[in-house]
Amino acid sequence: MIRKIDAHTVREAVEEAYLHCKEESGGRNADYIPYLAGVPAHLFGIAACLPDGSVITAGDTEYAFGIESVSKVPTALLAMEQYSAGQLLHKIGADATGLPFNSIMAILLERDHPSTPLVNAGAIAACSMIRPTGDADAKWAAIRGFIGELAGSEVEVIDELYRSESATNFNNRSIAWLLRNYGRIYDDPELSLDLYTRQCSLGVTARQLAVAAATIAGSGVNPTTRRRVFKAELTPKITALMATVGFYEHTGDWLFTTGLPAKSGVGGGIMGVVPGVLGIASFAPPLDGAGNSVKAQKALARIAARLDLGVFHPTHCIPASAEAATV
Ligand code: DON
């Protein structure tokens, strides 16, 4: 039987998962970016945004944390919006690497393209694609503005995080120049790397991530502002990318378990998208070995099971408001 979800059923599931996972103590904060090691490990929040724009929250959903790799989703979308999905496929690709997010090996193995905009190499390449080429300030305004439009409110860089990342991002610097070596970066490597570092250092709340996810679920229309942010045809493209690589080398296990296309970041955030149904996010800093929040994964997996969010199930959930259209 198809499960119909409304604000009430989502609220019950969010609150139940929050209480159930609150005391979970597994994982460790990322520390290769010094700022992240100091974020209070007990913080935990869950937010869901429905097609009518209502946002359901539990816990620390107003704390601005580092968006980190979740930012790879908006930049990939913006690159597709400025060029086309086909151009993103051609210039970057859509294959999962099966390797860690910062893998140099993946670049060497995939000689034809960096594989996907949702790993560091592809994300730096996506930043390089953003127009207008060569103009760092205008490119940054485009990226920051786009993320704000997706999230329904402005996002700001956490300066201390940006300084912390910039002072330690030697691996990413190597990636940017390796891409240059293979002709797979489309603007100045240092400029592209700095844009990537800045976008990773943006502060977002779980509420903002849930709204951004709901904008993707809503085929590009932000349900809180009612503004169109990107072309409807891009929702299946970005959701496919999230499903194939959102948790790096743990993506298969995640998708097998939950069926929920989602993207994680080492700041502890995870954003999940159920097209046509809802956007959901959770935040808790301690991570597993692949760089994915332990508590946020547990919470979202629990909610996905309870609400039948898995997109591969023939009878996965639908919004209660869509009931009439399906009978
Ligand atoms: O480039 C990095 O390593 C970080 N700024 C982002 C990595 C990240 O969030 C991986 N995701 N789980």
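Just so you know, ligand 1 is whichever comes first in the structure, and atom 1 is the first atom listed for that ligand. These values consider heavy atoms only, across backbone and side chains, with no hydrogens, waters or symmetry-generated copies. Keep in mind it's a predicted model, so treat the numbers as computed, not measured.
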* **Side chains of Y248 and P100 in contact at under 4.5 Å (non-hydrogen atoms)** =>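 Side chain of Y248 against side chain of P100, heavy atoms only: no contact under 4.5 Å found.
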Which residue holds the protein heavy atom closest to [atom], what is that atom called, and what is the gap in Å?
atom	value
atom 10 (C) of ligand 1	S69 OG, 2.8 Å
atom 12 (N) of ligand 1	G291 O, 3.0 Å
atom 5 (N) of ligand 1	E68 OE1, 2.7 Å

Using a 4.0 Å heavy-atom cut-off, say whether [X] meets ligand 1 through its side chain, its backbone, both or neither.
X	value
C200	side chain
N172	side chain
N120	side chain

* To do: Indicate, with yes or no, if F146 and V221 share a hydrophobic cluster defined by side-chain heavy-atom contacts under 4.5 Å among Ile, Leu, Val, Met, Phe, Trp and Tyr.
  => no
* How long is the gap from CD on E149 to CG on L77, to the nearest 0.5 Å? -> 13.0 Å
* **Interatomic spacing from NZ in K72 to CE in M242 - rounded to 0.5 Å** =>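 Answer rounded to 0.5 Å: 12.5 Å.
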* Asked: So is Y196 close enough to ligand 1, meaning a heavy atom under 4.0 angstrom away?
  ->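 It does; at least one heavy atom falls under 4.0 Å.
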Which of the numbered atoms in ligand 1 are under 4.0 angstrom from any heavy atom belonging to [X]?
X	value
E165	5 (N)
G265	9 (O), 11 (N), 12 (N)
Y32	2 (C), 3 (O), 4 (C), 6 (C), 7 (C)
F101	3 (O), 7 (C), 10 (C)

* Is a salt bridge present between K237 and E233, judged by a nitrogen-to-oxygen distance below 4.0 Å? ->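 Result for this pair is no, no salt bridge flagged.
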* Does any N/O atom on V266 come nearer than 3.5 Å to any N/O atom on ligand 1? -> yes
* Asked: Is the backbone N or O of L260 less than 3.5 Å from a side-chain atom of W254, with the two atoms forming a donor-acceptor pair by type?
  -> yes
* Main-chain N/O of K139 paired to R144 side chain as donor or acceptor, under 3.5 Å ->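 Such a contact is absent between R144 side chain and K139 backbone.
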* Asked: Taking Q297 as the fixed residue, which of T257, D253, D288 is the one that meets the side-chain hydrogen bond (donor to acceptor under 3.5 Å, both in side chains) rule?
  ->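 So, applying the side-chain hydrogen bond (donor to acceptor under 3.5 Å, both in side chains) to Q297 and each of T257, D253, D288, only D288 qualifies.
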